[in-house]
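Residue numbers count from 1 along this sequence.
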Amino acid sequence: MDTEIIKINKDDIDEKLMEHAGELIAKGELVAFPTETVYGLGGDALDPEASRKIYAAKGRPSDNPLIVHISEFSDLKRIAKTIPPEAKKLSDAFWPGPLTLILEKSEAVPDATTGGMGTVAIRMPNHPVALDLIRKSGCLIAAPSANTSGRPSPTEASHVAEDLSGKIAMIVDGGPVGIGIESTIIDLTESVPMVLRPGYITPDMLSDVLGVEVVIDPGIIAADDTRKPKAPGMKYKHYAPKADMVIVDGPKEKVLQKINSLVIDNRQEGKKVAVIATEETKESYDADVVLSMGSRRDEDSIAQHLYKILRECDDLDVEKIFSESFSTPRIGQAIMNRMLKAAGHHVINLD
């Protein structure tokens with residue numbers, strides 16, 4: 001299959017090109033497109049064959065649910081069995097935006113889209129190209145991240161092409177994304193609202209809107225959680241570079257010393273080593289490759305650079321990666337959730 005790539009300016013959308021992209025979705029083809037979080041791999045959410053194509057293109061386990069992307073709140077009526085008041089409160093506060101709601105699914109949603117679950121994950125993206133594609137396709141669009149399953153998520157169209165060129169009909173290149181990590185997922189089907197995946201929308205923000213404490217699923221931080229995944233990313237290894245990755249956590253000076261010691265040890269074994277650092281610490285390391293995630297004073301920058309840096313490690317053919325920990329105040333939990341999965345939960349904790 002030849003993959004067509006079209007460039008779209010989000011501030012001046014080419015209607016004709018987007019109509020072509022929408023027609024492909026409507027015909028059951030797959031189209032990758034930008035959202036504010038990462039690039040998504042889109043297909044008709046209500047067409048089981050389109051969902052099966054998504055799983056096949058990504059090499060994704062078929063019990064890992066897909067997120068359905070909508071453009072209007074009224075679309076919920078088509079795919080949710082009931083719409084609890086909490087859904088309205090959260091959508092009013094955060095949609096369009098990086099928040100996914102888990103609701104009981106209607107009969108219109110095929111099991112192929114939900115990984116066999118009786119629930120469906122839904123969000124309204126905050127990106128003009130994504131919203132235009134949904135509307136022009138006339139479909140609700142199921143869209144996981146547009147990467148090979150397990151690899152770092154794509155934040156640029158070139159990342160999508162690297163993984164999926166030849167496997168999908170089209171890539172809509174809308175430039176680099178804004179946030180750089182996937183949406184927060186909250187389950188509204190239980191008695192207590194529960195975050196199943198941390199993201200840019202924090203538990204505190206959700207609690208403020210709902211007026212109740214929003215809890216965090218323990219599976220988010222468990223290294224060996226084997227339950228059937230209720231939301232994308234809960235069970236399987238995600239975001240991983242090709243090289244073995246280790247996170248070193250602890251006081252700054254101890255982390256610097258430990259990582260430099262590990263670099264020396266691995267170099268003596270003939271390995272090419274990368275260190276993931278910050279603007280504040282990058283000059284303190286002597287490795288084959290030192291990559292900065294940005295300044296610790298700018299959490300958004302760290303999130304934006306995460307996946308790009310992991311892919312850069314692949315491009316540079318490093319064999320071992322040592323990374324600082326990024327427990328930043330606001331979205332540090334979301335950043336570390338991705339890094340822990342990328343490292344297979346391999347962490348060295350220093351007292």
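Under the 4.5 Å side-chain heavy-atom criterion for ILVMFWY residues, no single connected hydrophobic cluster contains both V246 and I309. Hydrophobic cluster membership is shared by Y39 and L66, with clusters built from Ile, Leu, Val, Met, Phe, Trp and Tyr side chains linked at under 4.5 angstrom. Both L140 and L101 belong to a single network of hydrophobic side chains, linked directly or stepwise wherever heavy atoms of I, L, V, M, F, W or Y lie under 4.5 Å apart. Note on I276 and I348: separate hydrophobic clusters, where clusters join Ile, Leu, Val, Met, Phe, Trp and Tyr whose side-chain heavy atoms are under 4.5 Å apart, directly or indirectly. Side-chain heavy atoms closer than 4.5 Å link hydrophobic residues (I, L, V, M, F, W, Y) into clusters, and following such links, even through other members, never connects I259 to F326.
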The test is side chain to side chain donor-acceptor pair (under 3.5 Å); show your working for S62 and R52 and say whether it passes. CA-CA 8 Å; S62 61; R52 282 189 278 270; over 6 Å; no
Between S207 and V212, is a side-chain contact (heavy atoms from CB on, under 4.5 Å) present by the stated rule, with each step listed? CA-CA 5 Å; S207 298; V212 297; over 6 Å; no
Could you go through K105 and D111, starting from their C-alpha distance and side-chain angles, then the distance that decides it, and tell me whether this counts as salt bridge (Lys or Arg N to Asp or Glu O under 4.0 Å)? CA-CA 10 Å; K105 81 176 187 74; D111 288 344; 3.6 Å; yes
Pair V273-E319, side-chain contact (heavy atoms from CB on, under 4.5 Å): steps then yes or no: CA-CA 6 Å; V273 184; E319 297 167 87; over 6 Å; no
Please test L46 against R78 for side-chain contact (heavy atoms from CB on, under 4.5 Å), starting from the C-alpha separation and ending with a verdict. CA-CA 10 Å; L46 304 187; R78 297 174 58 187; 3.5 Å; yes
What do the steps show when you test K254 against D351 for salt bridge (Lys or Arg N to Asp or Glu O under 4.0 Å), and what is the final call? CA-CA 8 Å; K254 287 189 176 182; D351 295 328; over 6 Å; no
For E36 and Y200, what are the C-alpha separation, side-chain angles and deciding distance, and is it a side-chain contact (heavy atoms from CB on, under 4.5 Å)? CA-CA 11 Å; E36 78 278 27; Y200 195 80; over 6 Å; no
Stepwise side chain to side chain donor-acceptor pair (under 3.5 Å) test for E182 and S153: CA-CA 9 Å; E182 297 82 355; S153 297; 2.5 Å; yes
Let me see the working for D314 and K242 under salt bridge (Lys or Arg N to Asp or Glu O under 4.0 Å), right down to the final yes or no. CA-CA 6 Å; D314 288 348; K242 295 173 184 175; 5.1 Å; no
Applying side chain to side chain donor-acceptor pair (under 3.5 Å) to S295 and E280, what does each step give before you reach the verdict? CA-CA 7 Å; S295 171; E280 292 83 357; 2.7 Å; yes
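Heavy atoms only, all atoms of each residue included: A26 and C139 are closest at CA-SG, 3.9 Å. Nearest heavy-atom pair, A277 versus V290, reported as atom, atom and distance to 0.1 Å: CB-CG1, 4.4 Å. In plain terms, the two heavy atoms of V31 and A21 that are nearest each other are CG2-O, 3.8 Å. The two residues L131 and I70 make their nearest non-hydrogen contact at CD2-O, 4.0 Å. Counting all heavy atoms, side chain and backbone alike, A57 lies closest to L164 at O-CD2, 3.4 Å. Across all their heavy atoms, A87 and L103 have their closest contact at CB-CD2, 4.4 Å.
Residues I6 and M170 have side chains in contact (heavy-atom distance under 4.5 Å, counting atoms from C-beta outward). Residues H346 and M245 have side chains not in contact (no heavy-atom distance under 4.5 Å, counting atoms from C-beta outward). Side-chain contact check for V347 versus L340: some heavy-atom pair is nearer than 4.5 Å. The shortest distance between side-chain heavy atoms of I54 and P144 falls below 4.5 Å. Taking the side chain as every heavy atom from C-beta outward, I102 and I186 never approach each other to under 4.5 Å. Side-chain contact between T3 and I171 is present, with at least one heavy-atom pair separated by less than 4.5 Å.
Q304 and T155 form no side-chain donor-acceptor contact under 3.5 Å, judged by distance and modelled atom types alone. Under 3.5 Å, the side chains of E72 and S74 contain no donor-acceptor pair of N or O atoms. No side-chain N or O of T100 forms a donor-acceptor pair with one of R197 less than 3.5 Å apart. Between T35 and R123, the side chains place a donor N or O and an acceptor N or O closer than 3.5 Å (distance only, hydrogens not considered). Under the 3.5 Å distance criterion, with hydrogens and angles disregarded, no donor-acceptor pair is assigned to the side chains of T119 and T189. No hydrogens or angles considered: a donor-acceptor pair under 3.5 Å links the side chains of S51 and T113.
Taking the six-membered ring wherever Trp is involved, the centroid distance between the rings of Y307 and Y239 falls below 6.0 Å.
Between R311 and D315 no salt bridge is recorded (no basic side-chain N to carboxylate O distance below 4.0 Å). Salt-bridge formation is not detected for the pair D204/R330: no Lys NZ or Arg NE/NH1/NH2 atom is positioned less than 4.0 Å from an Asp or Glu carboxylate oxygen. Ionic pairing of K58 and D163 is not present here: no N-O contact between side-chain nitrogen and carboxylate oxygen is shorter than 4.0 angstrom. Salt bridge annotation for D288-R267: present, with a cationic side-chain nitrogen under 4.0 angstrom from a carboxylate oxygen. Under the 4.0 Å criterion applied to side-chain N and carboxylate O atoms, K271 and E269 are assigned as salt-bridge partners.
When atom types are taken as modelled, the side chain of N260 and the backbone of S284 share a donor-acceptor pair closer than 3.5 angstrom. Remark: the backbone N or O of I331 is paired with a side-chain donor or acceptor of E299 at under 3.5 angstrom. The backbone N or O of P84 sits nowhere less than 3.5 Å from a side-chain atom of T82 that would complete a donor-acceptor pair. Panel note: side chain S165, backbone E162; no donor-acceptor pair is recorded below 3.5 Å. No donor-acceptor pair under 3.5 Å is formed between the side chain of K53 and the backbone N or O of L30. Under the 3.5 Å distance criterion, the side-chain polar atoms of S261 are left unmatched by any main-chain donor or acceptor of Q257. Checked by atom type and distance alone, the side chain of R60 pairs as donor or acceptor with a backbone atom of N64 at under 3.5 Å. No donor-acceptor distance shorter than 3.5 angstrom exists from the side chain of D47 to the backbone of G43, with no hydrogens or angles considered. Counting only distance, with no hydrogens or angles, the side chain of N266 and the backbone of L262 share a donor-acceptor pair below 3.5 Å. Side-chain atoms of N147 come within 3.5 Å of backbone atoms of R151 as a donor-acceptor pair (strictly under, hydrogens ignored).
Separation of atoms NZ (K89) and CG (L206) is listed at 13.0 Å; rounding is to 0.5 Å. Note that CG of L196 and CG of D187 are 5.0 Å apart. Values are rounded to the nearest 0.5 Å. Atom CG in N126 sits 12.5 Å away from atom OG in S183 (nearest 0.5 Å). Taken from CE in M336 to CD1 in I247, the straight-line distance is 4.0 Å, to the nearest 0.5 Å. To the nearest 0.5 Å, atoms CG (D2) and CD1 (I168) are separated by 12.5 Å. For the atom pair L76 CG and I83 CD1, the distance stands at 4.5 Å (nearest 0.5 Å).
Test E19, H20, E23, E15 against K136 for side-chain hydrogen bond (donor to acceptor under 3.5 Å, both in side chains) and you get one pass: E15.
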